[in-house]
2 protein chains.
Amino acid sequence: MNISDVARSTGLPVKTIRYYEDIGLIAPARSDNGYRDFSDSDLHKLAFIGRARSLGFGIEACRDLLRLYNDQTRASADVKRLAQAHLDEIDRKIAELGQMRDTLSHLIDACAGNDRPDCPILADLAAAPDHA
Amino acid sequence: MNISDVARSTGLPVKTIRYYEDIGLIAPARSDNGYRDFSDSDLHKLAFIGRARSLGFGIEACRDLLRLYNDQTRASADVKRLAQAHLDEIDRKIAELGQMRDTLSHLIDACAGNDRPDCPILADLAAAPDHA
DNA sequence: ATAAGGTCTCCAGTCACTGGAAGGTCAAGC
DNA sequence: GCTTGACCTTCCAGTGACTGGAGACCTTAT
């Protein structure tokens, strides 16, 4: 299976697949002509990685997840711990963005949005010692 | 005013302040010894940038905001448009993270987290064609 | 034979810093 | 005057996870 077929069936860009090989997430065979020759197992791994990435896991976490997946002696607790750490990080980011959202939203509401220069958004940026 | 004083009073790292000069956000004077010599205006600008950054504005947006701030003939509508675009982006990110959070949270709840290898998290990553 | 399209490698750029090396400057204490 | 230590300078490289592009090779169809 050539790389563009794999790209089509996993939804991952060709460049990304090559990159995943570069960093050692996959190791597809090579044909005589030097082309990568992907097995079903490679395909499966890439799909796995693609889904983990879509859940926001970082590359190193993907590597860990793949290792756990291939380890029949794993404890589900290890997987859960990894996922929970990631969830905590997501919650942290959501909270951070929510904070930004609230402040920004207030400022936008207060701004007339007309031809005049007076603007509470700029006033806040210029003066606010904190956004409490 | 030397750079470490500015760092102290703006809360920005020294490295970041130098970087902001590099990319042309500020242009502090230089003393005879080659040290940067920050004016109150530089300080004010850095504080402004720091607050815009803390609201999640990117560097180019900060540059635009600073330009609008210094333009007495600005229209508040321009500021509002910029802020609204950023708010939309934040909302998009929150929605994306929320989606991840929901999926991940379900999977974590379903995982026993014990010594056994069975794990719905890995099962989902390995098999799920989508996370609908 | 040629043209189109797929594949290869390698290099550079993204964003907003951050770390570190190597060296100049300054103020205090001896 | 000399040293010590804290400060300052520039420049280079690395971060995460790709992405774009150049230049060259391979394959398939006409």
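Remember, it's a predicted structure, so these values are computed and weren't measured experimentally.
Remark: side-chain polar atoms of B:D37 are paired, donor with acceptor, to backbone N or O of B:M1 under 3.5 angstrom. For B:D102 (side chain) and B:Q99 (main-chain N/O), no donor-acceptor pair under 3.5 Å exists by modelled atom type.
Using a 4.0 Å cut-off between a side-chain N of Lys or Arg and a carboxylate O of Asp or Glu, B:E96 and B:K93 do not qualify as a salt bridge. Between A:E60 and A:R63 a salt bridge is recorded (basic side-chain N to carboxylate O distance below 4.0 Å). In this structure, B:D78 pairs ionically with B:R81, as a charged nitrogen and a carboxylate oxygen lie closer than 4.0 Å. Residues A:R92 and A:E89 are paired through a salt bridge, judged by an N-O separation under 4.0 Å between the basic side chain and the carboxylate.
Mapping heavy-atom proximity under 4.0 Å, the span of DNA chain D touched by chain A runs 5' to 3' from D:dA17 to D:dT27.
Every residue two or more places apart in sequence or in another chain that forms a ring-ring contact (aromatic ring centres under 6.0 Å, His included) with A:F57 is listed here: A:H86. Judged as a ring-ring contact (aromatic ring centres under 6.0 Å, His included), and not counting sequence neighbours, A:Y35 has no contacts. The ring-ring contact (aromatic ring centres under 6.0 Å, His included) search around A:Y69 returns A:F48, not counting sequence neighbours.
The C1' atoms of five pairs define one axis at each end of the helix from C:dA1-D:dT30 to C:dC30-D:dG1, and these two axes lie 30° apart (to 10°).
Heavy-atom contacts from other residues, nucleotides or ligands closer than 6.0 Å to CG of A:D22 number more than 12.
For the pair A:I59 and A:R53, the minimum side-chain heavy-atom distance is below 4.5 Å.
Atom CZ of B:R63 is separated from atom P of C:dC15 by 11 Å (rounded to the nearest Å). Atoms CG (A:D37) and P (C:dG6) sit 18 Å apart, rounded to a whole Å. Residue B:R18 contributes atom CZ, which lies 16 Å from atom C1' of C:dA16 at whole-angstrom precision.
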Annotated protein contacts, base or backbone, on nucleotides 17-27 of chain C with a non-hydrogen cut-off under 4.0 Å, one of B, S, - each: BSBB---BBS-

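At a threshold of 4.0 angstrom between heavy atoms, the contacts of A:R36 are confined to the sugar-phosphate backbone, with no base atom among them. Backbone-only engagement by B:I3 is indicated by non-hydrogen atom pairs under 4.0 Å involving sugar-phosphate atoms exclusively.
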